[in-house]
2 protein chains.
Amino acid sequence: MKQITLKEIAASLNVSVTTVSKALKGYKDVNEETKKLIIQKAKELNYKPNIFAVNLRTKESKTIGIIIPEVVHHFFSSVIKGVIAQAEKKGYLVIILQSNESKELEKKQVELLINKRVDGILVSLANETNSYEHFYEILQNEIPLVMFDKIAKLVKCNKVIINDQKAAYNATKHLIDVGCKKIAHFRGPHLPQNSIDRFLGYKKAIDDHYLTYNSKLVYLLEKMTFKEGEYFARKLINEHPDVDGIFVNTDLVAVGAIKAINDLDFNVPNDIAVIGFSNWFMSAVISPSLSTINQPGFEMGKQAFKLLFKEIKLKKKGEEIKPKTIELGTDLIIRESTQKSVS
Amino acid sequence: MKQITLKEIAASLNVSVTTVSKALKGYKDVNEETKKLIIQKAKELNYKPNIFAVNLRTKESKTIGIIIPEVVHHFFSSVIKGVIAQAEKKGYLVIILQSNESKELEKKQVELLINKRVDGILVSLANETNSYEHFYEILQNEIPLVMFDKIAKLVKCNKVIINDQKAAYNATKHLIDVGCKKIAHFRGPHLPQNSIDRFLGYKKAIDDHYLTYNSKLVYLLEKMTFKEGEYFARKLINEHPDVDGIFVNTDLVAVGAIKAINDLDFNVPNDIAVIGFSNWFMSAVISPSLSTINQPGFEMGKQAFKLLFKEIKLKKKGEEIKPKTIELGTDLIIRESTQKSVS
DNA sequence: GGTTGTTTCGAAAACGTTTTCGATAAAATA
DNA sequence: TATTTTATCGAAAACGTTTTCGAAACAACC
């Protein structure tokens, strides 16, 4: 099927390509009468502008890229949904790439997006990433960049995050509020920063409420899997049979922990209360349902795109941008796993 | 930052743009000596071809689009992952759009992708979709199209599916194998086709094994939610207290059903065995873990892209394509929810 | 010496749009 | 009538690449 061009519309109406282009783009230096004719003819021929030519001429693609560690993940797919929803409103399409938590892959994806000449890039860091040359390259190319959730503090760009420390504090405080006296923490590895922040929130809550912080009660998990959750829950109960609460770095691990606790004939929440983090989809539907911290993925995606969009606009106008960081609120979601029955 | 062009490389070496282009693209009518110089200079200046110009010239974007009903969904995000992985190997990027199960949105997304002049389109139908003008438009525009999972039999294009009927048959047969005599079915609405096929598979298994098919044991769920699963499980037990097995159209609903069954002090699997469909992520981590049918999302994404890629290649060569349908195998995954203890 | 073949290069067209700038004619003003 | 203003149009350049076609220079052959 032959694609209709401006030239053909122009020929069929005996006007110039220029006039056709102007008419269709609403310039005011074209007669109302001819404009009407042109628009009609364009519709009649089912004219669709050749986007490649438009891109070349305008130097923009109306496309952005997003790099995330993992697509098959409730939080990140929520972010994607938010980004796509917001982008569509502004006429932008979204290219998705995964880093698989690998720094090398992340670099490659950045390269791809730069070569693709996207109008902007959204990134959540891979766990492995510990240096930022590739992001500096984005900035050097003057491509608008927004980081979200897993960010690099050193890179000077717009950011959207939650306050992991505060959220972790609230989760731990909730355990204290329901009467826990000896609270363990299953933490994540030293990268990304989030694991550290959540640990710090836990520690601060412990300290603030006159419980004694005990580093033996903090377990460092490397892979953050269901199985690890099971394993460390067993280990914990073995080493500290009198533990009565666990704040777990992420829901999946918490679910594994609950499984192990139940298998050992302890009761959640009465013997051991458990609270997770992120509000994975499953947390609401398991038994007992899991208390957790809601991480607003969809909203984060929306906000990240909004920031990116603003930056794109500013860049077009040639204005300077002063990077800012948006901090989104989190909610404590209380479910069965922390509601001890009155004893 | 000024972008380097062929012209600039040419100027700095006193050769023509043509020669530079040819050297970088490996044409053989350019002297080895000059080629070396050009390649070196290009690297030195960090030359990156202007993709917009390349697109315009070659009439292809090395980008494909995929439209799915919902991003935040284990199966569909697995598909996306498969598509992206395979596409990247072939140098293609992937634009993701959602239909939110709405026909109108689906049409709009198709329109966006056509206007974007993507090299190919991947689609899984929205539940609402009951006519196919927009897909015919894709075909009219001679854009390669592959449908997967939720397909339209009437549209003549490549397809990747599972055999829902056979898989449902196997699930139901498994219940029969573990000793169930009175098996209910929670089915989905009349669209998409998958619900019908799964129901047919259930019915065939019942008929084939000398159990009496009873339409009263088939419950039609409209929204396929956790809550519906709970509601209909209660209803079922109320109406048929002697039911001893349920084949549920999808895992989420099955999880809801299990919850209700437990709350009513029936035991899963001993009183009532439950099997789901799709192998959602949560199914492996709940207690009791849920038996189900594994739907190979990642593999489906890979195969779908492979088909699309073949079609793109054929189109370039101007050859005709004869649409085919790939049927992927499914696996019966036996977990706790159907393993009755020896009585 | 004339013919053919080979190697190496570049001019130019083409892809389809956007936008600047000037031309023309008609209308308004002096 | 002469001059300025306004409305309407189009030529042409530009965006940066790819590719065709022919030119030039030289070697090889009879």
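Quick note on labels: first sequence line is chain A, next is B, and so on, each numbered from 1. Not measured: the values here are computed from a predicted model.
Looking at A/Arg117 and A/Glu60, no side-chain N of the basic residue comes within less than 4.0 Å of a carboxylate O on the acidic one, giving no salt bridge. Salt bridge present: A/Glu101 and A/Lys150 bring a charged side-chain N and a carboxylate O closer than 4.0 Å.
Counting heavy atoms of neighbouring residues, nucleotides and ligands inside a 6.0 Å radius, atom CD of B/Glu133 exceeds 12 of them. Summarising the local packing, NZ of B/Lys35 is surrounded by more than 12 heavy atoms from other residues, nucleotides or ligands at distances under 6.0 Å.
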Grab the N/O contacts between the protein and nucleotides 5-11 of chain D below 3.5 Å, and write none if there aren't any.
| residue | atom | partner | partner atom | Å |
| --- | --- | --- | --- | --- |
| D/dT8 | OP1 | A/Asn31 | ND2 | 3.2 |
| D/dC9 | OP2 | A/Asn31 | N | 2.7 |
| D/dC9 | OP2 | A/Thr34 | OG1 | 3.1 |
| D/dC9 | N4 | A/Asp29 | OD2 | 3.0 |
| D/dG10 | OP2 | A/Ser16 | N | 2.9 |
| D/dG10 | OP2 | A/Ser16 | OG | 3.2 |
| D/dG10 | OP2 | A/Thr19 | OG1 | 2.5 |
| D/dG10 | O6 | A/Lys22 | NZ | 2.5 |
| D/dA11 | N7 | A/Thr18 | OG1 | 3.3 |
| D/dA11 | N6 | A/Thr18 | OG1 | 3.0 |

Name the pairs: protein N/O against N/O of nucleotides 14-16 of chain D, kept only if under 3.5 Å.
| residue | atom | partner | partner atom | Å |
| --- | --- | --- | --- | --- |
| D/dA14 | N3 | A/Arg57 | NH1 | 3.3 |
| D/dC15 | O3' | A/Lys59 | NZ | 3.2 |

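Side-chain contact check for B/Tyr47 versus B/Lys41: every heavy-atom pair is 4.5 Å or farther apart. Annotation: side chain of A/Ile4 is not in contact with side chain of A/Lys48 (no heavy-atom distance under 4.5 Å). In this structure, the side chains of B/Ile67 and B/Gln98 stay at 4.5 Å or more apart for every pair of heavy atoms.
With rounding to whole Å, B/Lys62 atom NZ is found 17 Å from D/dT17 atom P. The separation between B/Ile38 atom CD1 and C/dG10 atom C1' is 12 Å, rounded to whole Å. Atom CD of B/Glu60 and atom C1' of D/dT17 are 13 Å apart (whole Å). Following rounding to the nearest Å, A/Asn115 (CG) and D/dT17 (C1') show an atom-to-atom distance of 15 Å.
Using a 4.0 Å heavy-atom distance criterion, B/Tyr27 is classed as a sugar-phosphate-only contact.
A/Asn31 contributes a side-chain N or O that, together with a main-chain N or O of A/Glu33, makes up a donor-acceptor pair within less than 3.5 Å.
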